[in-house]
Amino acid sequence: MEYEAVKSIVVVLLLVVSFAVFGLRVYQLLWVNLQRGRPGPPYGRWIERIKGLVVYVGGQLRLFRFLAPGIAHFFVFWGFVILILTILQAIIEGLVAFADPGFVIPVIGEFGPLALLQDLFAALVGIAVVYALYLRLVVNPPRYEGSHRAQAVMVLSFILTIVVSLLVINGIRIELGEDPLADWRPVASAVGAVLSGLSDPTLEVVEEAAYWIHLIVVLAFLTELPGGKHFHVVTSIPAVFLRNLDPPGRLPPAPEFNGDVGVNAVEQFRRRQLLDFYTCTECGRCQDVCPAYASGSPLSPKLLIMSLRDNLIQRGVALRDGQQNGAVLESELVGDVITEEILWACVTCSACDQECPLFIEHVTPIVDMRRHLVMEGRMDGMLQEAMANLGRYGNSFGQSERARAKWTKGLPEKIKDARREPVDYLWFTGDYAAYSATLASATKTTAEVFRRADLDFGLLYEAERNAGNDVRRVGEEGLFEMLAEDNAAALNACEFRSIVTTDPHTYNALKNEYPAEINGGRPVLHYSELLDQLIADGRLRLGRELGYRVTYHDPCYLGRYNGVYDAPRRVIEAAGCTLVEMPRHGDRAMCCGAGGGRIWMEEGDTQQRPAAMRVEEAAGLEGVEMLIVSCPKDLVMFEDAAKSGGYADRLAVKDLIELVAEAL
Amino acid sequence: MNIVVPVKLVPDLVEELEIDDGGTALDTTWLRFILNEVDEHALEQALLLKESLSGTVSVISLDGEGVDDVLFASSAKGVDRLIKLTGVDYGVNVNNHAMARFYATTVRILEPDLVLVGVQAHNDLDGSLGPLLAEYVGMPYVGYVSGIAPINGRCRVRKEYPGGLIAEMDVEMPAVLGVQAAESPPRYVAISRIRQAMKTAAVDEQAAPDLDTTGGPMVDSMFKPETAERATMITGDEDEVAGRIVDLLRELGKA
Ligand code: SF4
Ligand code: SF4
């Protein structure tokens with residue numbers, strides 16, 4: 001038989017085998033397991049989803065948050081897309097070799113500009129891959145800790161081999177004078193020139209060898225994909241397309257199984273969440289920004305997702321093999337696969353969710369699993385006490401609800417009772433502002449500033465309950481519902497035009513998680529937004545230029561969760577202060593460590609608390625004398641950290657409101 | 001193993017206490033009643049025993065505000081039977097003698113192997129509930145118990161004495177034990193479980209026998225601790241403060 005005929009047959013065989021293996025693995029590892037998941041709410045909003053694909057898959061927008069690796073990935077991605085045609089060419093060329101050994105795909109294969117693009121991209125992909133290899137093997141940044149290194153290196157070598165072999169094939173064809181588009185392929189021409197010393201027959205042998213290497217590596221890559229970190233090549237498209245479009249501050253409804261809230265088996269997650277687990281590229285961007293990981297806790301958002309993926313696949317295999325028991329099936333998801341320490345370490349700061357280029361959710365699976373722990377009563381003593389207090393008194397301080405407005409004692413004027421008379425602004429103070437002894441003066445100052453602005457405002461007095469934001473994130477869904485119902489009843493009985501709150505956590509719950517009927521479209525404002533408006537309207541005149549050099553900490557539930565970055569900064573400016581940003585600011589701000597209910601839990605073993613790291617960051621800024629916060633919990637956390645870190649004498653921690661009051 | 005846990009609700013000290021107009025009792029208008037703290041331990045210990053040995057746990061309570069919440073929470077934790085004695089309220093003047101008599105009637109009918117009570121409560125004016133109940137039902141009593149292990153019809157208990165002394169002793173069952181601490185901290189029960197229990201659990205309401213408070217003390221008058229004279233804060237720098245203290249000491253010395 002002629003070589004060409006053999007070639008065609010072997011190509012057919014290779015294709016059949018590799019696609020069969022790929023298909024089977026996709027079916028077994030992905031499809032079957034996805035079916036086991038729980039259906040989520042309907043998706044909808046298709047236009048927005050298509051836009052998301054264009055921006056986040058096409059434009060790779062989120063990848064550029066890590067600039068150099070982002071650019072490298074951009075070229076690999078687009079190279080991949082553009083070179084699909086050359087791969088197709090290689091495959092068809094092999095298939096029809098017996099009839100037409102010099103086959104070229106009509107039209108597109110004869111189009112010069114496309115040839116140029118392919119040629120350039122082959123080179124760019126090569127360069128990007130060499131950079132990626134350098135990153136993996138030489139730099140090896142800590143974000144890769146725990147990722148599959150050998151797998152990454154193998155696949156990078158695959159890609160490098162694919163583009164090099166392509167350039168070799170094209171180069172030799174140019175050298176042999178077989179390529180009418182030679183002028184459009186400068187890089188391949190250069191490769192050909194390098195090989196020009198070889199005799200024609202040798203070149204032909206090398207070309208054939210390169211062809212086989214090219215094809216075999218392409219197909220090997222294909223079969224290697226499913227279940228590994230490179231599976232994102234396939235799964236990222238549906239994952240990004242079907243991503244959660246609700247506000248990040250609104251947790252999806254709690255899953256319930258036979259009356260038990262929470263998740264304790266990987267199949268109990270929503271299908272969209274399962275898809276996430278497969279999509280993780282192990283890039284470690286989430287781990288890099290995680291305050292829990294940085295403080296030495298056992299939580300890494302990346303390893304969490306990887307463990308969930310591995311568990312999903314292992315359980316899938318065990319179930320497929322008809323096992324009734326065995327280690328994988330008997331191990332509990334919560335406790336064995338993902339330990340309690342890992343779950344409780346999360347401050348729900350959402351830094352990971354926002355950093356992930358593929359919109360993988362970390363906070364939702366963590367909360368789902370916490371819900372299971374709460375159902376079982378598995379939580380530390382302090383947290384238990386806080387929950388019990390919240391259940392009984394509606395606040396975590398364990399004080400009577402009748403003491404909620406105690407801080408108002410000694411104010412020159414009694415604050416209106418919004419339950420008795422209509423007000424413009426209903427001030428929902430939140431627990432910390434109301435009950436914490438250290439914060440009483442800041443809360444009084446807020447009342448004073450509101451009064452100076454001639455604001456018509458009132459309180460709910462003892463009818464206010466903790467809004468439940470962190471209760472929900474602890475996983476105590478029933479308690480959240482109870483608190484929300486109580487607050488809803490109180491709010492529904494009042495007449496007001498907007499709600500203003502001092503606490504970003506409260507703000508998030510009221511704005512995003514309470515049923516829309518309660519607010520009835522009325523705005524919910526954070527006091528920084530209100531101050532900003534009052535200053536802009538001229539109702540609040542800041543007469544004094546304070547002239548301090550300050551820095552500002554973005555609270556997670558104000559910034560990342562609700563996108564309020566500018567209002568507090570404008571207020572700082574209006575007070576005549578110079579704002580110096582910390583290295584991590586805006587949507588990259590690092591959590592103070594109090595969120596997600598962590599403020600109620602025992603410390604645990606950590607190397608350095610997030611608040612301490614944050615204060616250190618602020619104190620490291622040249623000439624900055626003040627750290628401005630806009631969350632009552634931050635005031636508590638950072639004042640504490642500044643004292644214990646020995647920064648108290650040169651870094652004051654102040655609430656935004658104190659700055660405003662001083663500038664009045 | 002059948003265990004009965006007669007509980008007691010007590011005024012929540014988180015609220016400000018007021019004396020009523022008569023001057024002999026607390027004003028109940030603003031009081032909030034919560035489960036006596038050590039009763040949580042008695043309940044937990046009962047559940048632990050049930051889980052390790054099987055059997056049933058029944059909780060008995062008088063009526064009153066907050067009682068249903070306590071009962072449903074107990075059910076959510078795993079209590080099998082909820083009994084509420086109606087017609088008497090923690091809010092009215094029920095002393096421990098009367099309470100023990102109420103509970104004795106029910107306990108006799110239930111014929112338990114063990115009766116676990118919280119060893120004390122902050123409003124025990126006439127002794128604690130456990131020994132009184134033991135007397136009325138004719139069972140032995142051991143108090144300040146922090147560990148219970150039943151062995152062949154008897155019960156080995158750990159009893160804590162003041163000063164850290166610990167004794168182990170065997171008690172003939174049935175017995176009344178005054179629990180000081182359960183072997184593990186009282187469990188947390190999720191609100192959604194309590195809400196489920198509200199829908200599904202049945203409260204067995206039984207009319208309480210007539211109130212009989214004999215044996216308890218007569219309260220002549222009740223008053224709040226008198227606040228000592230208010231302290232004055234001395235402000236100023238170190239020298240001023242020191243000077244002021246010296247002056248004060250001199251004045252006090254003269255007086
Ligand atoms: S939410 Fe914050 S603490 Fe939790 S895993 Fe993500 S980055 Fe870490
Ligand atoms: S979850 Fe996202 S950010 Fe984290 S490692 Fe996976 S792909 Fe990277």
Side-chain angles (χ1 to χ4, degrees), chain A residues 253-262 370-404 406 435 462 465-466 468 471-472 474-486 597 600-602, chain B residues 9-18 26-41 43-45 47-48 50-51 64-79 181-201:
Chain A
E256 226 183 284
F257 303 93
N258 307 322
D260 276 8
V261 182
R370 281 182 171 186
R371 286 172 170 147
H372 174 74
L373 286 174
V374 170
M375 255 346 234
E376 304 243 294
R378 285 149 72 184
M379 51 173 108
D380 76 38
M382 269 177 68
L383 182 59
Q384 230 179 78
E385 198 183 315
M387 292 300 113
N389 284 335
L390 283 157
R392 185 173 288 161
Y393 309 110
N395 67 76
S396 60
F397 287 77
Q399 290 187 30
S400 167
E401 54 261 53
R402 284 191 279 279
R404 187 173 276 276
K406 229 175 169 176
Y435 284 104
E462 58 262 34
R465 297 279 174 280
N466 181 296
V471 169
R472 188 153 200 231
V474 159
E476 194 11 325
E477 189 73 9
L479 181 54
F480 167 72
E481 284 167 10
M482 194 170 100
L483 293 167
E485 283 162 21
D486 288 354
W600 298 318
M601 297 176 211
E602 281 151 24
Chain B
L9 269 67
V10 295
D12 187 352
L13 299 182
V14 155
E15 303 295 342
E16 295 250 348
L17 299 183
E18 296 292 339
L26 289 175
D27 182 350
T28 52
T29 10
W30 291 113
L31 281 187
R32 181 206 315 263
F33 283 87
I34 57 169
L35 185 60
N36 176 31
E37 205 181 321
V38 267
D39 286 14
E40 303 256 16
H41 285 264
L43 185 61
E44 180 63 32
Q45 187 62 53
L47 292 168
L48 291 172
K50 173 188 160 178
E51 279 158 9
E65 223 186 283
V67 167
D68 286 348
D69 290 346
V70 169
L71 291 178
F72 289 130
S74 319
S75 160
K77 286 181 177 184
V79 167
E183 277 152 40
S184 62
R187 62 195 68 189
Y188 181 79
V189 53
I191 302 285
S192 48
R193 281 212 201 285
I194 301 182
R195 288 189 159 193
Q196 267 170 33
M198 283 180 181
K199 285 185 211 135
T200 53

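Here is the naming used below: chain letters follow the sequence lines, and residue numbers restart at 1 for every chain.
- Neither the backbone nor the side chain of D69(B) comes within less than 4.5 Å of any heavy atom of chain A.
- Other residues, nucleotides and ligands contribute more than 12 heavy atoms inside 6.0 Å of the CD atom of E15(B).
- Of the listed residues R402(A), E481(A), Q399(A), the one with more heavy-atom pairs under 4.5 angstrom with chain B than any other is R402(A).
- For chain B, the nearby part of M379(A) is the side chain; its heavy atoms alone come within less than 4.5 Å.
- In this structure, chain A has a heavy atom under 4.5 Å from the backbone of R187(B), while its side chain stays farther away.
- Both the backbone and the side chain of R392(A) come within contact range of chain B, each with at least one heavy atom under 4.5 Å from a heavy atom of that chain.
- Contact count versus chain A (heavy atoms, under 4.5 Å) is highest, among G66(B), P185(B), S192(B), for S192(B).
- Of all non-hydrogen atoms in M375(A) and V261(A), the two that sit nearest each other are CG-O, 3.3 Å.
- More than 12 heavy atoms of other shown residues, nucleotides or ligands fall within 6.0 angstrom of atom CD in E602(A).
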L390(A) and W600(A): CA distance, side-chain angles, deciding distance, side chain to side chain contact (heavy atoms under 4.5 Å, CB included) verdict: CA-CA 11 Å; L390(A) 283 157; W600(A) 298 318; 3.9 Å; yes
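- Of the two parts of V374(A), the backbone and the side chain both hold a non-hydrogen atom closer than 4.5 Å to a non-hydrogen atom of chain B.
- Residue-environment remark: CD (E37(B)) stays at or below the threshold of 12 foreign heavy atoms within 6.0 Å.
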Salt bridge (charged side-chain N to carboxylate O under 4.0 Å, His left out) between D260(A) and R193(B), intermediate numbers included: CA-CA 8 Å; D260(A) 276 8; R193(B) 281 212 201 285; 2.9 Å; yes
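- Contact tally against chain B (heavy-atom pairs below 4.5 Å) for E477(A), E256(A), E401(A): the top residue is E401(A).
- Annotation: maximal heavy-atom pairing with chain B below 4.5 Å, among A403(A), S400(A), G377(A), G381(A), occurs at S400(A).
- By the side chain to side chain contact (heavy atoms under 4.5 Å, CB included) test, V67(B) pairs with L9(B), S61(B), L71(B), K84(B), Y90(B), sequence neighbours left out.
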